[in-house]
Amino acid sequence: MTKQERIDNLLRLSGTDVKKCMKCGKCSGRCPAFNEMDIKPHQFVSLLAQGKIEILLGSDAIWNCLSCMACVERCPRGVAPAAVVEAVRDTVVRAQGKNGLKAEDIPQIVDEFIPQQLLVSAYRKYNK
Amino acid sequence: MKICYYPGCTLKTKAKELDRTARLAAAALGVEMEEIENWQCCGAVYPMGTDEIATKLSAVRALDYAKHNGGKLLTLCSACHNVIKRTNEDMKSNADIAFRANNYLKLEETYAGETEVIHYLEMLKNEVGFDNIKKAVVNPLNRKIGAYYGCLLLRPSGIMAFDNPENPTIIEDFIRALGGTPVVYPFRNECCGAYVSLKNSELPKKKSEKILASAKEKGAEEVITACPLCLYNLQVNGGDILPVKYFTELLAEALGVKA
Ligand code: SF4
Ligand code: SF4
Ligand code: SF4
Ligand code: SF4
């Protein structure tokens, strides 16, 4: 796959217009996972707009985004940074052998209180 | 009044108390919750990737069922509500998703987002009315309660249209109707850490402790939620800062039907 094809795929998968971003940083200012992200939400938008996708695809931030939609709610330009993070995470986990959770690790993590909702949502987010 | 109800899998297992107390309270208020047939897990998170279809089909099936059985679908778990309502919006306004979902399901009549998705709290407010609930209360709560909204009921507000996303009031009004005193605290609409618990429990721990400490500092004696994952994160990752309950447990308590 060419680099341009990979860029186009991320743009299509995110469904948001990254060129509308005015780099105000409000999304990152509101992000509850900001301190746990190597690449910040506003950088996801900006790096995709510049086509610098290797940095995004190698980022650890995709595992800590909470899909809380706070960034989407606050963006004054109608951009959805959460959708860019999700497009990158989808692209990473859809590749062979790149799941973010290993089934064999689950029994050690599970405690007696864990709701099914947590297992289902984590699997949906981290695995394909 | 009779309404189609989508319970979701967690309410049949770890969150039975949310389902049980909601049904008891609804019955006391004259609402019959009719569980829809053959529902499937909604997937718990709305898939944002624009090519996702298979992950949305269970929501579309439930929506289509409700369309032919009264036109309304009642939800209770915040996550189910978020997934089903956002998927419904796709069926209404995203021609590509709607076409592919309809093509797969081969429904006799095309589904185009006709069903109205109603969260239990919206049902209490708009169909029953908080004034009528107030009249039905036999055990006024008489304590200070913090409403925890989390994110899934409120955001994205353009689609969820649940309440003001920055300064919601519906759960505070609910607490007042039950004779309790609502405590407004700054972190009530901040995320608790969600599914990241399974990957990195440090993050939900930090978030949940901050939320409960903020509620406690403003005087709350307990916190209520509509989401089994919020409850888990706040209770298990948030430590013993404050008790956390489902909002329906308090409703059933106030209406005298909890036992
Ligand atoms: S959705 Fe992700 S990126 Fe956006 S504010 Fe929430 S945690 Fe941050
Ligand atoms: S809030 Fe919107 S406009 Fe501002 S930096 Fe983030 S994406 Fe760009
Ligand atoms: S959101 Fe949760 S409770 Fe609702 S169906 Fe899905 S996993 Fe089950
Ligand atoms: S606060 Fe956490 S568990 Fe609750 S609705 Fe938000 S993401 Fe879900």
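Letters A, B, ... mirror the listed sequences (proteins, then strands); counts begin at 1. Owing to the predicted nature of the structure, the values given are computational and were not obtained by experimental measurement.
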Side chain, backbone, both or neither: which part of [X] has a non-hydrogen atom closer than 4.5 Å to chain B?
X        : value
A:Asp105 : neither
A:Ala80  : neither
A:Leu13  : both
A:Ala70  : both
A:Tyr126 : side chain

Please check this pair: side chain of [X] against backbone of [Y], looking for a donor-acceptor N/O pair closer than 3.5 Å.
X        : Y       : answer
B:Thr50  : A:Arg12 : yes
A:Arg124 : B:Ala44 : no
A:Glu86  : B:Met48 : yes

Just verifying a value: how many Å separate [X] [atom1] and [Y] [atom2], rounded to the nearest 0.5 Å?
X        : Y        : atom1 : atom2 : value
B:Thr10  : A:Leu118 : OG1   : CG    : 9.0 Å
A:Leu66  : B:Cys191 : CG    : SG    : 4.5 Å
A:Leu119 : B:Tyr195 : CG    : OH    : 15.0 Å
B:Lys207 : A:Cys68  : NZ    : SG    : 9.0 Å
A:Glu36  : B:Leu203 : CD    : CG    : 4.5 Å

Considering only heavy atoms from C-beta outward, does the side chain of [X] approach that of [Y] to under 4.5 Å?
X        : Y        : result
B:Cys151 : A:Met69  : no
A:Tyr123 : B:Val45  : no
A:Val120 : B:Cys41  : yes
A:Ile114 : B:Leu198 : yes

With a 4.5 angstrom heavy-atom cut-off, which part of [X] approaches chain A: side chain, backbone, both or neither?
X        : answer
B:Asn82  : neither
B:Val196 : both
B:Pro165 : side chain
B:Lys206 : side chain

* Asked: Is A:Arg94 paired with B:Asp51 through a side-chain N to carboxylate O contact shorter than 4.0 Å?
  -> yes

* Is it true that B:Glu166 and A:Arg74 have a side-chain N and a carboxylate O under 4.0 angstrom from each other? -> yes

* Asked: What option among A:Asn64, A:Leu101, A:Asn35 has the most heavy-atom pairs under 4.5 Å with chain B?
  -> A:Asn64

* Structure fact -> Scored by heavy-atom pairs under 4.5 Å with chain B, the best of A:Ala122, A:Ala83, A:Pro115 is A:Pro115

* Residues of residues 52-64 of chain B near chain A, each having a heavy atom less than 4.5 Å away -> B:Glu52, B:Thr55

* **Residue from B:Cys230, B:Cys227, B:Cys9 passing side-chain contact (heavy atoms from CB on, under 4.5 Å) with A:Gln117** => B:Cys227

* Asked: Could you name the residues of residues 37-49 of chain A that have a heavy atom within less than 4.5 Å of a heavy atom in chain B?
  -> none

* Heavy atoms from other residues, nucleotides or ligands near NZ of B:Lys258 exceed 12 (cutoff 6.0 Å) -> yes

* To do: May I ask you to check whether over 12 heavy atoms, not counting those of B:Asn38, lie within 6.0 Å of atom CG?
  => no

